[in-house]
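A quick write-up on the structure given underneath.
Read the numbers this way: they start at 1 and go in the same order the structure lists the ligands and their atoms. Remember, it's a predicted structure, so these values are computed and weren't measured experimentally.
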Amino acid sequence: MRIIKSPAKMHEICRSFSAKGKTIGFVPTMGYLHQGHVSLLEKARKENDIVILSIYVNPTQFGPKEDLKKYPRDIGNDKKLAKRSKTDIIFIPSDKDMYPQGYGTFVDVGSVTNNLCGISRPGHFKGVATIVTKLFNIVIPNIAYFGQKDVQQCAVIKKLVSELNMFVKIKVLPIKRENDGLAISSRNVYLSEKEREDSRILCSALYYAKKSVKHGQRSSDKIIAKAKKMILSKRSAKIDYVKIVSQDTMKDIDKVEKKAVMAIAVFIGKTRLIDNIVLG
Ligand code: PAF
């Protein structure tokens, strides 16, 4: 497993793989790898000749009051998990290389960012779309792998590659959960023991929503009202949003239909957790 830091070097290596007809599977991450990332790497390993993982905590997707500085990092463990998943190359660029002094080019994918996390985290998806564009330009992957947990990010990236004519296939893999249902996330380490226990309410609310759709409920308002009540039964919980949206457009929908997804963002104490479930 090689570690490459220079974007130019990384690109040169990727071009030579492509010239030899080798397919590149790419897993972009911000590090602090967990089983969710491992599932992406394993899938990439099965489907490609070469597997590239990027680790870069992208400053432009964090707001001024967000946790950029204290975002968890453990490069030693990341390398261990990457190696175990048979990753060929880890790309670890620096801030200086990604955003040199005077940097000014940003990618804005439009209306798909106008709801959910796009409201609570202004500028976040501009940062994501920008860094993903840059990484795709460097790595020129055939397939890139993302987790369904960041459902709006997946919609943003699909729109990005389609509208900017990038010939990268986007694969979205299911959410990995702890045994008690909590979606696995790098931010779960921030939770105290009690908060960790309370955080189970997120997936309970989502499972409730799924079950009620199964039993014939189609009214988004009714499902959302009950889910909110469940979440607020935990004193540490503060709702950012609980919404039912179309998986492609991220716009609110009144009646649950084929592409409906329930997406939630909840502060448990100071930790903001997101999760979602496909209802349609
Ligand atoms: O999902 C993430 O870890 C990040 O948003 C991504 C896609 C690596 C861009 O920084």
Legend entry - Glu197: partners by side chain to side chain contact (heavy atoms under 4.5 Å, CB included), with sequence neighbours left out: Arg200

Inset, instruction - Test Tyr71 against every option in Tyr56, Tyr32, Phe62 by the ring pair (Phe, Tyr, Trp, His ring centres under 6.0 Å) rule and name the one that passes. - result: Phe62

Inset, instruction - Just need the protein heavy atom nearest to atom 7 (C) of ligand 1, so name the residue and atom and give the distance. - result: Gln153 NE2, 3.5 Å

Legend entry - Residue and atom name of the nearest protein heavy atom (relative to atom 10 (O) of ligand 1), distance in Å to one decimal: Gln61 OE1, 2.6 Å

Inset, instruction - With heavy atoms under 4.0 Å as the rule, classify the contact between Ile131 and ligand 1 as side chain, backbone, both or neither. - result: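 It is the side chain that touches ligand 1; the backbone stays farther off.
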
Legend entry - N or O contact, Thr29 vs ligand 1, cut-off under 3.5 Å: no

Legend entry - Glu257 side, atom CD; Lys259 side, atom NZ - distance, nearest 0.5 Å: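 Here the interatomic distance stands at 10.0 Å.
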
Inset, instruction - For Lys243, enumerate each residue passing the side-chain hydrogen bond (donor to acceptor under 3.5 Å, both in side chains) test, keeping only those at least two apart in sequence or located in another chain. - result: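 In terms of side-chain hydrogen bond (donor to acceptor under 3.5 Å, both in side chains), with neighbours along the sequence ignored, Lys243 is linked to Asn115.
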
